[in-house]
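Numbers here are sequence positions counted from 1. For the numbers below, each heavy atom of this structure counts, side chains included, while hydrogens, waters and symmetry mates do not.
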Amino acid sequence: MNTLGYAILSVLARHSCSGYDLANHLEVIWPAKHSQVYPLLKKLEDENFLTCEYVEQLGKPDKKLYSITLRGKQQLAEWLNTNSSAPVIRDEFLVKMYSIWLSDQKKAENLIQNRIDYLSQELQKHLEQTVIFEMNSEQKELDITSKNFGKYIVTKRAIKLNEDEIGWCRWILNLLSQTNNKQFLLGIAGVKMINQFMLGIV
């Protein structure tokens with residue numbers, strides 16, 4: 001079973017949900033497209049790691065509700081205690097930051113500000129989730145045996161990561177503000193001249 005399969009079981013171990021809701025819950029731990037989730041749900045069902053029942057809806061097609069089985073919980077518990085692989089981060093924004101020297105200052109600033117706006121929205125969403133958790137009378141004492149404990153600590157990590165990256169982005173903006181725009185453009189021009197020289201144009 002791949003990591004997405006275990007992520008699906010992790011969500012279903014907390015509560016039953018539809019495939020659509022499942023994909024939304026996965027965002028915080030292992031983002032996946034619906035086109036990836038649904039075929040794997042069928043496979044997990046065939047292997048008896050989860051079950052599916054149809055729930056009647058008024059004026060809508062019946063909804064499939066997925067639940068983890070005892071076999072699924074056992075498989076998840078066994079996997080939980082194995083060593084984790086090294087994290088793999090694929091972030092388009094990081095590739096753009098790596099090549100930011102090819103941009104101009106204004107466009108670079110806009111790109112970074114858009115990232116800050118996105119991170120701020122995500123941060124607010126995660127903060128609201130933790131407030132709900134902490135206000136829940138049943139969760140005043142954080143207990144590792146609670147089904148919601150894992151989601152709580154992972155969401156707190158997301159908050160920390162959002163805050164740290166916002167700070168990093170603002171640091172970059174500060175660097176750009178200290179950069180003379182003319183020098184910035186001359187740097188790009190210099191790189192272009194070097195490239196032309198290497199190609200034998202100059």
Side-chain angles (χ1 to χ4, degrees), residues 1-38 40-41 43-45 47 49-53 55 63-94 114-171:
M1 188 188 309
N2 61 19
T3 306
L4 176 57
Y6 287 112
I8 289 173
L9 293 181
S10 294
V11 173
L12 294 179
R14 293 181 62 247
H15 54 72
S16 303
C17 61
S18 66
Y20 178 83
D21 291 336
L22 178 62
N24 291 335
H25 285 300
L26 287 171
E27 284 299 318
V28 71
I29 54 173
W30 198 263
K33 298 179 180 178
H34 288 80
S35 58
Q36 296 173 287
V37 172
Y38 285 106
L40 193 49
L41 284 171
K43 182 179 179 182
L44 292 173
E45 184 181 4
E47 295 177 356
F49 290 127
L50 59 82
T51 60
C52 174
E53 65 174 313
V55 178
K63 178 171 67 174
K64 285 186 177 181
L65 194 65
Y66 297 92
S67 303
I68 194 170
T69 62
L70 178 59
R71 171 178 160 84
K73 285 184 179 179
Q74 292 172 338
Q75 182 75 11
L76 179 61
E78 290 177 9
W79 172 81
L80 177 65
N81 296 314
T82 62
N83 291 331
S84 300
S85 303
V88 177
I89 300 175
R90 294 188 179 92
D91 190 335
E92 180 181 314
F93 181 72
L94 296 182
N114 287 339
R115 181 69 165 198
I116 291 175
D117 293 343
Y118 165 76
L119 292 169
S120 297
Q121 292 176 1
E122 289 297 297
L123 176 59
Q124 182 61 35
K125 180 176 68 176
H126 294 318
L127 286 171
E128 291 173 357
Q129 290 174 344
T130 57
V131 167
I132 293 173
F133 181 91
E134 291 167 350
M135 289 180 63
N136 188 330
S137 59
E138 296 179 1
Q139 305 297 340
K140 284 185 178 179
E141 293 185 8
L142 299 180
D143 186 351
I144 193 173
T145 61
S146 167
K147 290 183 178 181
N148 291 321
F149 183 77
K151 182 178 180 180
Y152 177 69
I153 60 175
V154 169
T155 302
K156 292 288 281 189
R157 176 182 181 271
I159 290 173
K160 178 64 174 172
L161 292 176
N162 288 155
E163 291 174 339
D164 287 348
E165 188 171 342
I166 289 173
W168 175 67
C169 287
R170 287 175 175 162
W171 171 74

The side-chain hydrogen bond (donor to acceptor under 3.5 Å, both in side chains) partners of Asn2 (sequence neighbours excluded) come to none

Rounding to 0.5 Å, atoms SG (Cys17) and OH (Tyr66) come to a distance of 10.0 Å

Chi angles and distances behind the side-chain contact (heavy atoms from CB on, under 4.5 Å) call for Cys52, Leu65 = CA-CA 6 Å; Cys52 174; Leu65 194 65; over 6 Å; no

Worked verdict on Gln75 versus Tyr6 for side chain to side chain donor-acceptor pair (under 3.5 Å): CA-CA 9 Å; Gln75 182 75 11; Tyr6 287 112; 3.0 Å; yes

For a quick check under 3.5 Å, do Ser18 and Asp21 share a side-chain donor-acceptor pair by atom type?
yes

List the steps and the verdict of side-chain contact (heavy atoms from CB on, under 4.5 Å) for Phe93 and Glu165.
CA-CA 11 Å; Phe93 181 72; Glu165 188 171 342; 4.0 Å; yes

Nearest heavy-atom approach of Pro31 to Glu27 is CG-O, 3.5 Å

- Item | Validation row: Ile8, Leu12 side chains within 4.5 angstrom (heavy atoms) | yes

>> Set out, in order, the CA-CA distance, both residues' side-chain angles and the distance that settles side-chain contact (heavy atoms from CB on, under 4.5 Å) for Arg157 and Leu161, then state yes or no.
In response: CA-CA 6 Å; Arg157 176 182 181 271; Leu161 292 176; 3.1 Å; yes

To the nearest 0.5 Å, atom CD1 of Ile116 lies from atom CD of Gln121 at 12.5 Å

Check whether Arg71 reaches the backbone of Phe49 with its side chain - one donor and one acceptor, N or O, closer than 3.5 Å. no

CG (Leu9) and CG (Leu80) are apart, to the nearest 0.5 Å, by 12.0 Å

Between the CG atom in Leu76 and the CE atom in Met1, the distance rounded to the nearest 0.5 Å is 8.5 Å

Would you indicate whether the side-chain heavy atoms of Glu45 and Thr51 approach each other to under 4.5 Å? no

Would Arg115 and Asp91 pass as an ion pair if we require N to O under 4.0 Å?
yes

Glu128 vs Gln124, side chain to side chain donor-acceptor pair (under 3.5 Å): CA-CA, chis, key distance, verdict | CA-CA 6 Å; Glu128 291 173 357; Gln124 182 61 35; 3.2 Å; yes

Nearest heavy-atom approach of Gly19 to Leu41 is CA-CD1, 4.0 Å

- Look at the side chain of Tyr20 and the backbone N and O of His34, then say whether any donor-acceptor pair between them is shorter than 3.5 Å. no

Trace of the side-chain contact (heavy atoms from CB on, under 4.5 Å) decision for Leu40 with Leu44 | CA-CA 6 Å; Leu40 193 49; Leu44 292 173; 4.3 Å; yes

- Side chain proximity check, Arg90 to Val88, heavy atoms < 4.5 angstrom: yes

Is any side-chain heavy atom of His25 closer than 4.5 Å to one of His15? yes

- Message: If you count every heavy atom of other residues, nucleotides or ligands that lies below 6.0 Å from Trp30 atom CH2, does the total exceed 12?
- Response: no

